[in-house]
> 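I have a structure here, written as structure tokens, and I will follow up with some questions on it.
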Amino acid sequence: MPDIKYVCLSDMHFGADNSVLTNLGKGDRRVDPSAPSSTLIELVACLRELVKHNEQGAQPTLVLNGDIFEFALSTDNLAAMAFQRFLELAMPESPENRIFAKEIIYIPGNH
């Protein structure tokens with residue numbers, strides 16, 4: 001199988017209280033961006049598993065293709081904090097533990 005060169009993600013809506021990628025508090029079900037959701041943890045684990053099979057060992061480029069943040073139904077701060085949890089899992093500080101190449105391509109969405 002050829003190496004994965006690009007991983008394209010869209011419509012993640014980080015920060016939305018109806019997104020499975022945004023962590024919600026246990027009791028009040030409000031957005032709690034201080035920790036990743038269990039679904040986000042599993043998504044990143046799945047991406048890591050796929051990419052580790054690249055024969056050349058090259059990290060693919062992450063393409064964020066619109067509506068990554070939920071700015072319409074969330075505050076900017078909550079959306080950014082929820083996205084930060086994704087980056088912490090997928091792009092940790094140590095380069096050898098990163099899933100993706102350093103450069104990220106971002107294509108804005110409609111909101």
Side-chain angles (χ1 to χ4, degrees):
M1 178 163 80
D3 283 356
I4 298 170
K5 294 183 180 185
Y6 298 94
V7 172
C8 301
L9 301 175
S10 70
D11 295 287
M12 298 180 79
H13 297 277
F14 282 114
D17 62 4
N18 63 351
S19 171
V20 296
L21 300 176
T22 300
N23 188 44
L24 300 178
K26 299 275 188 244
D28 60 9
R29 308 289 296 158
R30 292 183 187 203
V31 172
D32 176 12
S34 65
S37 73
S38 59
T39 305
L40 180 61
I41 291 168
E42 293 302 320
L43 171 65
V44 172
C46 178
L47 292 169
R48 188 175 300 282
E49 179 65 25
L50 288 171
V51 170
K52 85 175 188 181
H53 296 286
N54 275 2
E55 292 178 9
Q56 303 298 320
Q59 296 167 314
T61 298
L62 176 62
V63 179
L64 299 175
N65 191 18
D67 297 339
I68 300 304
F69 304 98
E70 183 52 74
F71 291 136
L73 303 173
S74 179
T75 67
D76 293 359
N77 190 47
L78 287 177
M81 289 175 67
F83 179 65
Q84 181 66 33
R85 303 296 79 85
F86 170 73
L87 290 178
E88 289 167 356
L89 294 169
M91 304 285 286
E93 288 189 36
S94 58
E96 64 273 1
N97 292 326
R98 293 179 186 158
I99 299 173
F100 306 111
K102 186 175 180 180
E103 181 179 333
I104 297 173
I105 298 171
Y106 179 74
I107 302 167
N110 63 336
H111 58 88

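When a residue number appears, it is its place in the shown sequence, counting from 1.
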> Closest approach of N97 and S94, non-hydrogen atoms and distance?
ND2-OG, 2.7 Å
> Answer yes or no: are there more than 12 heavy-atom neighbours, outside Y6 itself, under 6.0 Å from its atom OH?
no
> How close do A16 and S74 get, heavy atom to heavy atom, and via which atoms?
N-CB, 4.4 Å
> Can you give the donor-acceptor pairs under 3.5 Å from side chains of residues 78-93 to other protein atoms, not counting sequence neighbours?
residue : atom : partner : partner atom : Å
R85     : NE   : E88     : OE1          : 2.9
R85     : NH1  : P33     : O            : 2.6
R85     : NH1  : M81     : O            : 3.3
R85     : NH2  : E88     : OE2          : 2.7

> Using 0.5 Å steps for rounding, measure from the CD atom of E42 to the CG atom of L47.
11.5 Å
> Answer with yes or no whether the hydrophobic clustering places I68 together with I105; edges join I, L, V, M, F, W, Y residues whose side-chain heavy atoms lie under 4.5 Å apart.
no
> Please give me the minimum heavy-atom distance between R98 and R48, naming the atom from each residue.
C-NH1, 4.4 Å
> I need the N65 CG to D11 CG distance, nearest 0.5 Å.
8.0 Å
> Are V44 and V7 grouped together when hydrophobic residues (ILVMFWY) are joined by side-chain heavy atoms under 4.5 angstrom apart?
yes
> Give the minimum heavy-atom separation between I4 and P60, together with the two atoms involved.
O-CB, 3.4 Å
> Please give me the minimum heavy-atom distance between A58 and N54, naming the atom from each residue.
O-ND2, 2.9 Å
> What verdict does the side-chain contact (heavy atoms from CB on, under 4.5 Å) test give for L24 and V31, after you've listed the backbone C-alpha separation in whole Å, the side-chain angles of each residue and the deciding distance to 0.1 Å?
CA-CA 5 Å; L24 300 178; V31 172; 4.0 Å; yes
> Is the backbone of L21 close enough, under 3.5 Å, to the side chain of S19 for a donor and an acceptor to pair up by distance?
yes
> Same cluster or not: are L64 and F71 linked, directly or through other Ile, Leu, Val, Met, Phe, Trp or Tyr residues, by side-chain heavy atoms under 4.5 angstrom apart?
yes
> Could you tell me if the side chain of D67 sits less than 4.5 Å from the side chain of H13, heavy atoms only?
yes
> Using the rule that two of Ile, Leu, Val, Met, Phe, Trp, Tyr join whenever any of their side-chain heavy atoms come within less than 4.5 Å, decide whether F14 and F100 are in one cluster.
yes
> Starting at CD of Q59, measure out to CD1 of I99 and round the result to the nearest 0.5 Å.
9.5 Å
> If you group Ile, Leu, Val, Met, Phe, Trp and Tyr by side-chain heavy-atom gaps below 4.5 Å, do L9 and I107 land in one group?
no
> For E49, look at atom CD and say whether over 12 heavy atoms of other residues, nucleotides or ligands are found less than 6.0 Å away.
yes
> Please report the interatomic distance CG(D3) to NE2(H53), rounded to the nearest 0.5 Å.
11.5 Å
